[in-house]
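Remember, it's 1-based here, ligands and their atoms both numbered in the order they're listed. As a basis for the values below, the full set of heavy atoms in this structure was taken, side chains included, without hydrogen atoms, waters or symmetry mates.
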Amino acid sequence: MARYIFVTGGVVSSLGKGLSSASLAYLLKSRGYKVKIRKLDPYLNVDPGTMNPFQHGEVFVTDDGAETDLDLGHYERFTDINSTALDNITAGKIYSIILNKERAGKYFGNTVQVIPHVTNEIKNFIKNKTLGFDFIICEIGGTVGDIESLPFLEAIRQFSNDIGKKNSLFMHLTLVPYIKSSDEIKTKPTQHSVKELRSLGIQPDIIICRSEVSLPKDQRKKISLFCNVDIDNVIETVDVKTIYEAPISFFREKLDKQVLNYFKIKNKKLANLKPWFKTKNIVLKSKNELNISVVGKYVDLKDAYKSIDEALVHGGIANNVRVNLNKIDSEKIKSSQIKDKLYNSNGILIPGGFGKRGTEGKIQSIKFARENKIPFFGICFGMQLALIEFARNVLKIKNAGSSEFNKKCTPVIGLIEEWYKKGVLKKGDLKVLGGTMRLGKYECNLLENSLIRKIYKTSKISERHRHRYEVNINFREKFEKKGLIFSGISNNNKLAEIIELKTHPWFFGVQFHPEFKSRPLKPHPLFASFIKAAKNKKFND
Ligand code: GLN
């Protein structure tokens, strides 16, 4: 039977529960265990799909098409274990399951209540399809003390009671502030947060203390004493310079060893940290560096393009170079500023996006990259806009556009429904998961003699999608005559998945999101190739 590790957070949010869970998962996996991480989010949205990236950061997409919390991205990147739709749930989803059951008469007229109905649904989610795993790490979103968290904390309390303490462990992450003026480390917030947790019936077994400075023995003793936790289970996590140091720092603090001790598991095999040292050294110390400009709409929020930022850094790791990200707001950039803002970029990337705002800034940036032979990478919306730019400026289709933001344009990009109506696609040509979005993994065939095939070193790939609009395949010939070839095509030959410009050193657009599959220890081939091209870019002056 799997052992369950429940991770909660206290005092404040954003302490790095996701990163701590992901690091622990890596350490356990590296010691030979089969690990799964799940995220339980107490907010009422059914999934993060419709949430504003400004508020919530990026939406991470799994192979099976779930739109999930970005923490699942951390999990995948650190463990190289793919998540599924079964690994993220929200209070909204739980309630919608329950309300549907209630309407269908599944509760036989009984009163439907938080306990047991909501808590049972949460428990069902936690234990669903866990056969064959050694450890299930469940991270509870939010902070202890939030009203929304209560049913989740009650559910994990019950769950632990159901399976027994020997099979379940509570890990609590708190803030231990350092007060500069008095040069003191304060344990009181941690004591209060643990008190709150205990009032809900949960006694933490391990406390992870997030702090600016290292915890002296006395403070550890104090936390151990007041919070009723073994001193060896008071683990510090001091701010790291790069997230790639996190597995190393948790290893030094013996987190994995303490977890195994708790479960009375003897295992002499140590986690392999060599790749993390290598990664960390390149990111922090490499003498080479380059600038990549990311032109997007949500640049003000740090996490809005999380997986892209990470994948670019991974590309740097593959090429032993530090990647500086230059985020440019596509809504604010004026045509007259494009040259100034972009000319010292080694590469330009346009990420995914939705809606009209900021599109012209992106199109101008693409034109600049194309004409000045700057390595260019268009992702999803970025690829669609690259086609529009080319159609307008090279094919001279002046009103070329996407029906997403201009209903009267010549639609180079449009809704699948439009292609059905116009006979470009036949019903059933494409199986679309989810509502109207193409979500999750789809296969794509790579053209012979294309650069993309050399990059991937294979003829068939599978990548993750999240979009509603598609390229109008009827324009293929026109584009290809001018050198912009459709070098990646869907199995049914109807959907353009990859474009590349033959007359340019490195100009690619992809309809999918390769960033979701990049890992620090296994950089994605497209990002590695992009950074390689960026590294080789010559500047005229
Ligand atoms: N808005 C575009 C579409 O829906 C692109 C989406 C994206 O970039 N993820 O097709």
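- Looking only at heavy atoms of the protein, atom 10 (O) of ligand 1 is closest to Y469 N, 2.8 Å.
- Within ligand 1, counting atoms from 1 as listed, the ones closer than 4.0 Å to a heavy atom of G353 are 1 (N), 2 (C), 5 (C), 6 (C), 7 (C), 8 (O).
- Note that OG of S286 and CZ of R322 are 6.5 Å apart. Values are rounded to the nearest 0.5 Å.
- By the 4.0 Å heavy-atom criterion, H513 is counted among the residues contacting ligand 1.
- Ion pairing between a basic and an acidic side chain is recognised when a charged N comes within 4.0 Å of a carboxylate O; K241 and E245 show no such pairing.
- Between F381 and ligand 1, a contact under 3.5 Å exists for at least one N or O pair.
- Aromatic ring centroids of F60 and F516 lie under 6.0 Å apart.
- Ring-centre distance between F377 and F527: below the 6.0 Å cut-off.
- No part of E470 comes within 4.0 Å of ligand 1, judged by heavy-atom distances.
- Using a 4.0 Å cut-off between heavy atoms, R466 contacts ligand 1 through its backbone alone, with no side-chain atom that close.
- Residue C380 approaches ligand 1 through these ligand atoms, each under 4.0 Å from one of its heavy atoms: 5 (C), 6 (C), 7 (C), 8 (O), 9 (N).
- If you look at H524 and Y456, their ring centroids are closer than 6.0 Å.
- Side-chain rings of F376 and W506 stay apart, their centers remaining 6.0 Å or farther from each other.
- Here the protein heavy atom with the shortest distance to atom 4 (O) of ligand 1 is R468 N, 2.9 Å.
- Within the structure, ligand 1 has Q384 among the residues with a heavy atom less than 4.0 angstrom away.
- If you number the atoms of ligand 1 from 1 as listed, the ones under 4.0 Å from a heavy atom of E404 come out as 1 (N), 2 (C), 3 (C).
- With a 6.0 Å cutoff to the six-membered ring centre and a 45° limit on the axis angle, R476 does not count as a cation-pi contact of F479.
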